[in-house]
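A note on names: the letters A, B, ... follow the listed sequences, proteins ahead of strands, and every chain is numbered from 1.
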Number of protein chains: 2
Amino acid sequence: MSPPGGRTPVMADVARLAGVSHQTVSRVVNGHPNVREETVLRVRRAIEELGYHRNSTARALVTRRTNVLGVIAFDTTLFGPARTLSGIERAAREAGYFVSIVSLDDVSPGGVVAAAEYLVEQSVEGCVAIAPQRSLVEALAGLPGPRPLVAVEGGEGSGLPVVCVDQVQGAREAVRHLLDLGHATVHHIEGPPSWLESEARASGWRRELERAGAPVPEPLQGDWSPRSGYDLGRRLVQRRAAGERVTAVFVANDQMAVGVLRALHEAGLDVPGDVSVAGFDDVPEAEFLTPSLTTVFQDFAQVGKESLALLLGRIGAERGGSAPPPGDVRRVVPARLRIRGSSGPPPP
Amino acid sequence: MSPPGGRTPVMADVARLAGVSHQTVSRVVNGHPNVREETVLRVRRAIEELGYHRNSTARALVTRRTNVLGVIAFDTTLFGPARTLSGIERAAREAGYFVSIVSLDDVSPGGVVAAAEYLVEQSVEGCVAIAPQRSLVEALAGLPGPRPLVAVEGGEGSGLPVVCVDQVQGAREAVRHLLDLGHATVHHIEGPPSWLESEARASGWRRELERAGAPVPEPLQGDWSPRSGYDLGRRLVQRRAAGERVTAVFVANDQMAVGVLRALHEAGLDVPGDVSVAGFDDVPEAEFLTPSLTTVFQDFAQVGKESLALLLGRIGAERGGSAPPPGDVRRVVPARLRIRGSSGPPPP
DNA sequence: GACAACAGTGTTAGCGCTCACATCACACAT
DNA sequence: ATGTGTGATGTGAGCGCTAACACTGTTGTC
């Protein structure tokens, strides 16, 4: 464990100690064939003795491969992004890549541009953007940022390959479930404007109501937080008091649904006796709320895995010099309705 | 935007176009003084025209600084780690560092060793380990892994600098609050064994009971999940049915507390009328559960920030050649009790 | 007027590694 | 004996950048 001069040992030090050339050391380190067994052993011993580690920077410089993938995310403390990130990270590690993350503080296009440049600056080989907002995706698609680039939950028409959960289908299933229970219509508390998930879930909700010929009540707009769910839940209670018939609510995520349940409870309304509630996400708590929450499960781990597979495919194609694959690939992961205690038939 | 030959442009290309030497380009890119204003402008124009980006790999090779920090985390989808990671990432970016993350799939020492080697391989300049388990911290402390290394939530005596929330104090405040309300004692549902947070919170609970001269009931052991909270909540209900007086429960995290609330509700018990419940973490939902959850707030963002400050200090000291700072630094972030609706006086 | 000081620029030598090629010994075929 | 192939190794160049130093020309100082 004593490199000459106390420096971190380099390949040449190993070579000297093993009595071979630096190239032979390189071959051993990279598992090249055509090295005599005995030589391999001697080099391995020298590596061990010196505590040598290959310098990834020098290697990256000459191979032109940094082995780093970038991830741009908006808020990694939210359930979905956190899960997706985790799935990406795991898949990347299995493929031998490092993952460098940038989370955006705000959703301004400027922030996205900065994040993109930041990753370009780091010479990432490719990038996944967990960009659930239309403006972000558009900013990224138009930018000379990191390439190849795969968007998670990106909308259509951006020209970027996209992996997403089938939000529309999930929303439709939830709404259909409520209609099937006998509700005349279903109210909706949607997510913040310009979020693709908000739009897709709202659109699924609307389409399903229209298909069933049910009236489409004015939706309320939240910001994903339990507090906004609570505030809007109270608004629904007021509407009820004003004579509007509100018997079922489809809430765009589980956190807001928690707030809604609370508001309804405070108003003395029973769930599902007076009002049925359905959420979206299937957070681990959903099953154990009181009542347990009917919601839509999204397989974020799968989304992470698929987006990485897509990205690696692009990187491989680029390196192989083959024609760039079409930009409008879209992989859709199905959503699954989980029926629990918060949904039931409307009051008579 | 046309580097000769279609290659990615390099410094020499910019130099040629601007009619200066590559060194002058380097000076401009690095904001060196002593370059004529007019030259700067010309170089800038050439950079713009070619779409030049400095190659971080080559730069890292010669400066011996990769500008990358590593983060080892266990489960980044849990509330605490996700928040902490986010805080670290933000602070790192502000300091001009990239963040590379590795999440561990399992808690085996082998996994930690692999993660540590993985980061060494990537030549990180330093590393933060969100290692809430004793075994992980010990494995890391004893390993020739990435250095400098700062542990988040690491226990004492590992020899590593540590940043942590004052779990013991938080637990004591929660328990004292319940005792002050008049409860004869407080039951405890703890986290999984070997987690430092479990141990610290259980120890705070025990100490506070002992200080008050209250009996110390046998704690129940969960795994942080809402399901385990639910299962153990039912066990508490059984104990009550068997005649044991259970009027207050301190649950080691909010997710399990959700399960406990559910189990109590199912048994027809009122919270806080029959049983008071307190959690730990203050997740965003806590305030909007029914009843709203008394819990302990942890400033994870602050933990992230402080751990990064500590790490940067180490890196700076190392580079400056000054004496290595003591290994047993311990920065403690206070926890804060949030009293809400789930705690009240015991039934008569 | 001679020298120093300094701003502004260029030249050169690596950082540690991999790639392409050269070399050498030895086998086997002709 | 000559050639050809192949396994095992070494040699040299260069990836794109920065650090150190060398070189100009201008200014200031005595």
So does B:R93 pair up with B:E89, basic N to acidic O under 4.0 Å? yes
B:R42 bridged to B:E38 by N-O distance under 4.0 Å: yes
Test log, rule side-chain contact (heavy atoms from CB on, under 4.5 Å), inputs A:V35 and A:V43: CA-CA 11 Å; A:V35 183; A:V43 170; over 6 Å; no
Is any side-chain heavy atom of [Y] closer than 4.5 Å to one of [X]?
X: A:V128; Y: A:V99; answer: no
X: A:L311; Y: A:P148; answer: yes
X: A:V29; Y: A:Y52; answer: yes
X: A:V150; Y: A:R331; answer: no
X: A:I315; Y: A:L69; answer: yes
X: B:S100; Y: A:V68; answer: no
X: A:V71; Y: A:T76; answer: no

Output yes when at least one side-chain N/O atom of A:Y52 is less than 4.0 Å from OP1 or OP2 of C:dC17, else no. yes
I want to check one thing: is the phosphate of C:dT9, taken as OP1 and OP2, less than 4.0 Å away from some side-chain N or O of B:T39? yes
Would you mind classifying the nucleic acid contact of B:N34 as base, sugar-phosphate or nothing, using non-hydrogen atoms under 4.0 angstrom? base
Identify whether any heavy atom of B:T24 sits under 4.0 Å from a base atom; if not, whether one sits that close to sugar-phosphate; answer base, sugar-phosphate or nothing. sugar-phosphate
Starting from [atom2] on [N], measure out to [atom1] on [X] and report it in whole angstrom.
X: B:H22; N: C:dG14; atom1: NE2; atom2: C1'; answer: 12 Å
X: B:R36; N: C:dC6; atom1: CZ; atom2: C1'; answer: 15 Å
X: A:Q23; N: C:dC17; atom1: CD; atom2: C1'; answer: 9 Å
X: A:H53; N: C:dC17; atom1: NE2; atom2: P; answer: 12 Å
X: B:R16; N: C:dT9; atom1: CZ; atom2: P; answer: 19 Å
X: A:D13; N: C:dC15; atom1: CG; atom2: P; answer: 11 Å
X: B:R27; N: C:dA7; atom1: CZ; atom2: P; answer: 12 Å

Heavy atoms within less than 4.0 Å of DNA chain D: which residues of residues 56-64 of chain B have one? Give them sorted by number. B:A58, B:R59, B:L61, B:V62, B:T63
side-chain contact (heavy atoms from CB on, under 4.5 Å) evaluation trace for B:Q133 with B:V112: CA-CA 11 Å; B:Q133 286 171 283; B:V112 187; over 6 Å; no
Flag if over 12 foreign heavy atoms under 6.0 Å of CZ, B:R147: yes
What is the first contacted nucleotide of DNA chain D and what is the last, in 5' to 3' order, if contact means an atom lying under 4.0 angstrom from a heavy atom of chain A? D:dA8 to D:dG16
Rounding to 10°, can you tell me the angle the first-five-pair axis of the helix from C:dG1-D:dC30 to C:dT30-D:dA1 makes with its last-five-pair axis? 50°
Quick one: on DNA chain C, does B:P33 or A:N55 contact a more 5' nucleotide (nearest heavy atom)? B:P33
